[in-house]
Engineer: 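Can you keep this structure in mind? I'll have questions shortly.
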Amino acid sequence: MGLFGPYPKQGAERPGRYLYRWAPALLALLMGLWGIRRENSMWRDESVTYQVSHRTLPEIWNLLGNADAVHGLYYFFMHALFAVGGGGLPALRLPSVLATAAAAAVVTATGTRLAGPRAGLLGGVAFALIPAVQMYAQEGRSYAMVCALVALATHLFVVAVENPTRRRWAAYALTFTLAGWLHELALLALASHGLTLCIPGPGRRMLRSWAWAAALPVVAVAPAALLSARQSAQVSWIGWPRPGEWLMIAFAVLLGVACAAYGTRRGGPERHPAALRLVRLALPLLILPTAALLLVSLHRPMYVDRYVLYSQFALALLIGLGADRLWDAAARAARPRPVPFVAAAVGLVLALLPVTLRMRTPDSRKDDVTAIAAHVRDMGSAGAGVLFMPSRRREWALSYPDDFRGLTDLALARSPVADNSLEGSEASAATIRERMRAFGRIVALSDPPGQPEDVFPGEAVKRDVLREDFVVCRRARAKGGLVTLYAWPGRC
């Protein structure tokens, strides 16, 4: 008996077996392609991907020494993709769609290997339907790709533990290294695999093999992680999880634990060990990475759900196991009644439908850079000035430069490219004041009301001059932003 126990009996291959193994991947692919343009909108993080990936290779390399080193490999990948496939919204998000489909296929394969084909199928379908998975499947960032690589590494871990060879451990190590280069927090999943190994008390040889394989990604990612640590001011915006986030964390953990408890109830000579081996793998992966980020957050807030998106892979495996056991219970009933199960499935689809539809609208993100740029185009006029309040909101302009053409950036000292940064650098407060008073019309881009105001001198002087020397002519709100046209009194 291996670490995960004997495999469930698969029986003879039936026609269509290979088709349904790929059904979850096809479902995830179709869900990702549905509404991929998100009403032709883009939000701030995707805007950063878009504008950085359109820089030259030396410009990207120079940027990484100052900011966003954690996303360096992803930016180089997207630069190559844009060079080959164009730079539109579908190209921005297609890698995430394909990665999510691949992850769904790996969920199915892993669930099938550990608990049987039905558990694998149901787990793969659950993964494709989880709201967080749907959201980041259409995100122009690296998180879906990281999730797919961690899922693949987890599957390779299972294979290597059951039948260890140097080649399998090497494949495991290289996959984790690639995941860590895309985002270093992927390596938190390594710890969950170590815990999985320790649960049944494996031999020293197995632990030694895993430790050597785990050491490669840790060593390979360490330089990038140290550079990212020096850039930690970039994530100073992260706060302690809000009540809604705590609720979602608790719900995911409780659902996973409930599925694990129900799935490990004895139901025959083979079902119990099959369930145990899946739970040994999935439960640590569901809980440990999130718990680690929350523990670190006691010192400095670091928890963001997308940083551990791969934990949804583990949740889907547990949901597949629980649904598989429910299916068994229904089949063993003296008088099976399919109506309640059909009704439950229909109810689940209807419950997810509003969330699924919202994921494909601009309202699903923090802001809508496209709409903000459109308001600037509508309000701006040649010879007017533009201000970004705070300066980091300059990212709103970088992906839509045509909408800002003819406007003078009154606070800018060095452009983002020249400054090797994401937003550029701004002039002194005195210079900003002097420039503002030389313009009769200014378009100001700011956060929505109620957001904390930066206390830096340059930001304070922007607010002071607008309040003392200008009047509001027009104001337009977009998702996550406010665009205001100011002018000298009597000049609106």
Engineer: When you measure from the side chain of Ser364 to the backbone N and O of Arg360, does any donor-acceptor pair fall under 3.5 Å?
Structural biologist: no
Engineer: Among Arg393, Lys479, Arg44, find the residue that satisfies the salt bridge (Lys or Arg N to Asp or Glu O under 4.0 Å) test when tested with Asp367.
Structural biologist: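 Among the candidates, only Arg44 passes.
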Engineer: Are the side chains of Leu485 and Phe470 in touch, meaning some heavy atoms are under 4.5 Å apart?
Structural biologist: no
Engineer: Taking the six-membered ring for Trp, are Tyr143 and His71 parallel (under 30°), tilted (30 to 60°) or perpendicular (over 60°)?
Structural biologist: perpendicular
Engineer: Let me see the working for Tyr50 and His54 under ring-ring contact (aromatic ring centres under 6.0 Å, His included), right down to the final yes or no.
Structural biologist: CA-CA 6 Å; Tyr50 188 86; His54 278 85; 4.4 Å; yes
Engineer: Side-chain contact, heavy-atom cut-off 4.5 Å: Met31 with Gln138?
Structural biologist: no
Engineer: Do Asp409 and Phe404 have side chains that get closer than 4.5 Å, going by heavy atoms?
Structural biologist: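 No - every pair of side-chain heavy atoms lies 4.5 Å or more apart.
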Engineer: If the plane angle is over 60° it's perpendicular, under 30° parallel, otherwise tilted; pick one for Tyr172 and His193.
Structural biologist: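 The rings of Tyr172 and His193 sit tilted, inter-plane angle from 30° to 60°.
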Engineer: Going by heavy atoms in the side chains, are Phe313 and Leu317 under 4.5 Å from each other?
Structural biologist: yes
Engineer: Any donor-acceptor pair under 3.5 Å linking the side-chain atoms of Tyr400 with those of Thr370?
Structural biologist: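 There is such a pair (donor and acceptor under 3.5 Å, judged by atom type) between the side chains of Thr370 and Tyr400.
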Engineer: Could you tell me whether the side chains of Ser232 and Arg300 share a donor-acceptor contact shorter than 3.5 Å?
Structural biologist: yes
Engineer: With a 4.5 Å heavy-atom cut-off, do Leu185 and Val308 have their side chains touching?
Structural biologist: no
Engineer: Does Arg141 reach the side chain of Ser96, with side-chain heavy atoms less than 4.5 Å apart?
Structural biologist: no
Engineer: Does a side-chain heavy-atom distance below 4.5 Å link Leu407 with Phe439?
Structural biologist: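 With C-beta onward as the side chain, the pair stays apart.
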Engineer: Could you go through Glu139 and Arg306, starting from their C-alpha distance and side-chain angles, then the distance that decides it, and tell me whether this counts as salt bridge (Lys or Arg N to Asp or Glu O under 4.0 Å)?
Structural biologist: CA-CA 11 Å; Glu139 185 95 340; Arg306 55 184 176 268; 5.6 Å; no
Engineer: Could you tell me whether the side chain of Asn420 and the main chain of Asn62 form a donor-acceptor pair under 3.5 Å?
Structural biologist: no
Engineer: Do Gln234 and Leu422 have side chains that approach each other closer than 4.5 Å (heavy atoms only, starting at C-beta)?
Structural biologist: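 Side chain of Gln234 against side chain of Leu422, heavy atoms only: contact under 4.5 Å found.
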Engineer: Any sub-3.5 Å donor-acceptor pair from Gln134's side-chain atoms to Thr356's backbone N or O?
Structural biologist: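 No: the side chain of Gln134 does not pair with the backbone of Thr356.
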Engineer: Got a donor-acceptor contact below 3.5 angstrom from the Gln231 side chain to the Leu64 backbone?
Structural biologist: yes
